[in-house]
Trainee: 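Before anything else, here's the structure in question.
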Amino acid sequence: MKKLAIYPGSFDPVTNGHVDIIERGLKIFDEIIVAILINPVKKSLFSVEERTEMLEVCFKNYENVKVDYFNGLLVDYAAMKKAGAILRGMRATSDFEHEFQLALMNRKLNRDVQTVFLMTGLRWIFTSSSVVKEAAHFGGDIASMVPPFVNQKLKEKFALRSSE
Ligand code: PNS
């Protein structure tokens, strides 16, 4: 049977840290669905369509990586896709408490879906979508932290914003 995992997140935008987790996740799973979970409370910089496009461009050469989005509970999405696992990356210990809470809540909601954590590669330990956005907003060079297409999209987004 195909081992399928859901890699959920906001991906606003996708960073090299996410790419690293997905590439390493593919050594464990046959297929990964990168799922943008829509959080109505969280204000995002990029629309769901823009985030989907960035992910699709990043993984265009990977047959076993699919991109999707979902508005609802992660465990419901995993069950709908018949995925046995949720894949999450963990950076420093500061991520632990939140991830622990999420994983336990998801387990309470559906015991058939296992959360699997991969430790983020050392290179990406300080990379997050939030710091990347903040640095890009002030013109910082974040080219080494995001895929080239994302870097271009961030530049376009902030150039557009400053001209508004
Ligand atoms: O990239 P993020 O913002 O750290 O991802 C968090 C995400 C999207 C995985 C989490 O907020 C989520 O799963 N949201 C969907 C709603 C849900 O199922 N929440 C967990 C149980 S309350």
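Side-chain atoms are counted along with the backbone in the values below, which use heavy atoms only and exclude waters and symmetry mates. Counting starts at 1 for both ligands and their atoms, following the listed order.
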Trainee: Please check if the number of heavy atoms outside Gln152 that lie under 6.0 Å from its CD is greater than 12.
Mentor: yes
Trainee: Kindly indicate whether the side chain of Arg51, heavy atoms from C-beta on, has any atom under 4.5 Å from the side chain of Ser44.
Mentor: yes
Trainee: Do Tyr7 and Ile33 have side-chain heavy atoms sitting under 4.5 Å apart?
Mentor: no
Trainee: Pairs under 3.5 Å, N/O atoms on ligand 1 and on the protein: can you put them in a table with the distances?
Mentor:
residue, atom, partner, partner atom, Å
ligand 1, 1 (O), Ser10, N, 2.9
ligand 1, 3 (O), Ser10, OG, 2.6
ligand 1, 3 (O), Lys42, NZ, 2.8
ligand 1, 4 (O), Arg88, NH2, 3.0
ligand 1, 5 (O), Arg88, NH1, 3.4
ligand 1, 18 (O), Leu74, N, 2.8

Trainee: For the backbone of Phe46 and the side chain of Asp12, can you confirm whether one donor and one acceptor N or O come within less than 3.5 Å of each other?
Mentor: yes
Trainee: Tell me the closest heavy-atom pair linking Leu87 and Pro8, and the distance in Å.
Mentor: O-CD, 3.2 Å
Trainee: Quick one: are Leu118 and Ile28 in side-chain contact, heavy atoms under 4.5 Å?
Mentor: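 Touching, per the 4.5 Å side-chain cut-off.
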